[in-house]
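Following: one structure in structure tokens, then a few remarks.
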Amino acid sequence: MNAAQTFFEVLWGARMALLGGLATTVLVSLLAVLAGTLLGVVVGLVLSYLRGPLNWLVRLYVDFIRGTPVLVLILASFYVLGTVGWKLNALQAGVLALAIFCSSHVGEIVRGALGAVARGQTEAARTLGLSIPLTFALILLPQAARIALPAWVNTAAEIVKASTLLSIVGVAELLLATQEVIARSFMGLPFYVFAGAVYFAVNFAIERLGKALERRLATDTAH
């Protein structure tokens with residue numbers, strides 16, 4: 001029996017564990033990106049439109065989180081929060097840490113995108129008598145979303161890659177599932193290459209989705 005046959009036999013035998021790990025990776029990444037995006041939009045709005053102490057606090061939050069390694073955020077969420085009475089399991093702590101990390105990047109993306117929209121757009125909306133919420137929803141948001149989308153897609157891909165660090169606290173994501181298979185089969189290189197190919201496929205799918213959204217936004221804006 002050659003090495004390729006052995007690899008595929010082991011892969012088939014471990015398929016459920018690996019699929020479970022992949023599902024966990026996708027779930028954690030999806031939850032972190034969704035939560036991080038929602039929080040990041042709020043952060044970006046504060047940085048763009050508010051002044052004073054709240055703006056300073058949010059700026060400190062963004063700079064601190066962006067300067068902190070993701071692994072430190074994960075360990076802090078899992079171990080430190082438990083000491084102050086907020087006990088999270090490994091999956092919850094991982095999602096929280098990645099969402100916080102995502103929010104700091106999305107906040108900067110939103111701030112930059114809103115800043116790139118010409119001020120004349122807002123002035124024209126005021127001239128037409130549009131309220132501030134309508135101006136934001138109908139004028140600023142569509143243009144800012146189109147500007148922000150490529151950077152947001154890159155951030156989503158970074159979250160998928162950062163999810164590999166959750167194996168440190170015992171989350172059974174794809175990397176940990178792969179390492180467990182390697183520990184039983186002693187086939188390190190083939191399974192690490194396989195895991196890398198799967199991560200590439202996930203991030204490639206995110207990129208394609210981003211491109212499709214870009215085209216859709218461009219079409220909607222043109223209309």
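Values reported hereafter were calculated over all heavy atoms of this structure, with side chains retained and with hydrogens, waters and symmetry mates removed. The shown structure was predicted, so the numbers you read here are calculated from the model rather than taken from an experiment.
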Can you tell me how far the [atom1] atom of [X] sits from the [atom2] atom of [Y], to the nearest 0.5 Å?
{"X": "Leu96", "Y": "Phe101", "atom1": "CG", "atom2": "CZ", "answer": "14.0 Å"}
{"X": "Ile109", "Y": "Leu114", "atom1": "CD1", "atom2": "CG", "answer": "12.0 Å"}
{"X": "Ile159", "Y": "Leu30", "atom1": "CD1", "atom2": "CG", "answer": "12.0 Å"}
{"X": "Leu165", "Y": "Glu173", "atom1": "CG", "atom2": "CD", "answer": "8.5 Å"}
{"X": "Ile65", "Y": "His105", "atom1": "CD1", "atom2": "NE2", "answer": "9.5 Å"}
{"X": "Thr24", "Y": "Leu175", "atom1": "OG1", "atom2": "CG", "answer": "12.5 Å"}

Determine whether [X] and [Y] fall in the same hydrophobic cluster, where Ile, Leu, Val, Met, Phe, Trp and Tyr are linked whenever their side-chain heavy atoms lie under 4.5 Å apart.
{"X": "Val160", "Y": "Phe204", "value": "no"}
{"X": "Val193", "Y": "Phe191", "value": "no"}
{"X": "Leu19", "Y": "Leu27", "value": "no"}
{"X": "Leu71", "Y": "Val169", "value": "yes"}
{"X": "Leu75", "Y": "Phe64", "value": "yes"}

Nearest heavy atoms of [X] and [Y], plus distance in Å:
{"X": "Thr155", "Y": "Cys102", "answer": "CG2-SG, 4.0 Å"}
{"X": "Thr25", "Y": "Ser163", "answer": "CG2-OG, 3.6 Å"}
{"X": "Leu88", "Y": "Ser77", "answer": "CD1-O, 4.2 Å"}
{"X": "Leu98", "Y": "Ala32", "answer": "CB-CB, 3.5 Å"}
{"X": "Gln179", "Y": "Tyr192", "answer": "CG-OH, 3.7 Å"}
{"X": "Thr178", "Y": "Ala195", "answer": "OG1-CB, 3.7 Å"}

For the residue pair [X] and [Y], establish whether any side-chain heavy-atom pair is separated by less than 4.5 Å.
{"X": "Leu91", "Y": "Leu166", "result": "no"}
{"X": "Arg146", "Y": "Gln143", "result": "no"}
{"X": "Val62", "Y": "Val43", "result": "yes"}
{"X": "Arg111", "Y": "Arg59", "result": "yes"}
{"X": "Phe78", "Y": "Ile168", "result": "no"}
{"X": "Leu22", "Y": "Val202", "result": "yes"}
{"X": "Met187", "Y": "Val10", "result": "yes"}
{"X": "Leu11", "Y": "Leu18", "result": "yes"}

- Apply the test side-chain contact (heavy atoms from CB on, under 4.5 Å) to residues Asn203 and Lys161: give CA-CA distance (whole Å), side-chain angles for both, the deciding distance (0.1 Å), then the verdict. CA-CA 9 Å; Asn203 282 332; Lys161 290 185 282 187; 3.7 Å; yes

- Tyr61 and Ser103: side chain donor to acceptor below 3.5 Å: yes

- Task: Quick one: list whatever passes salt bridge (Lys or Arg N to Asp or Glu O under 4.0 Å) with Glu180, sequence neighbours left out.
- Result: none

- Item | Side-chain donor or acceptor of Arg216 paired with backbone N/O of Leu213 under 3.5 Å | no

- Ignoring hydrogens and angles, tell me if any N or O in the side chain of Ser29 forms a donor-acceptor pair with the backbone of Val26 under 3.5 Å. no

- Could you walk me through whether Leu174 and Val198 pass side-chain contact (heavy atoms from CB on, under 4.5 Å), step by step? CA-CA 9 Å; Leu174 179 59; Val198 174; 3.5 Å; yes

- Item | Qualifying side-chain hydrogen bond (donor to acceptor under 3.5 Å, both in side chains) pairs, either residue in residues 33-56, two or more places apart | Thr37-Trp152

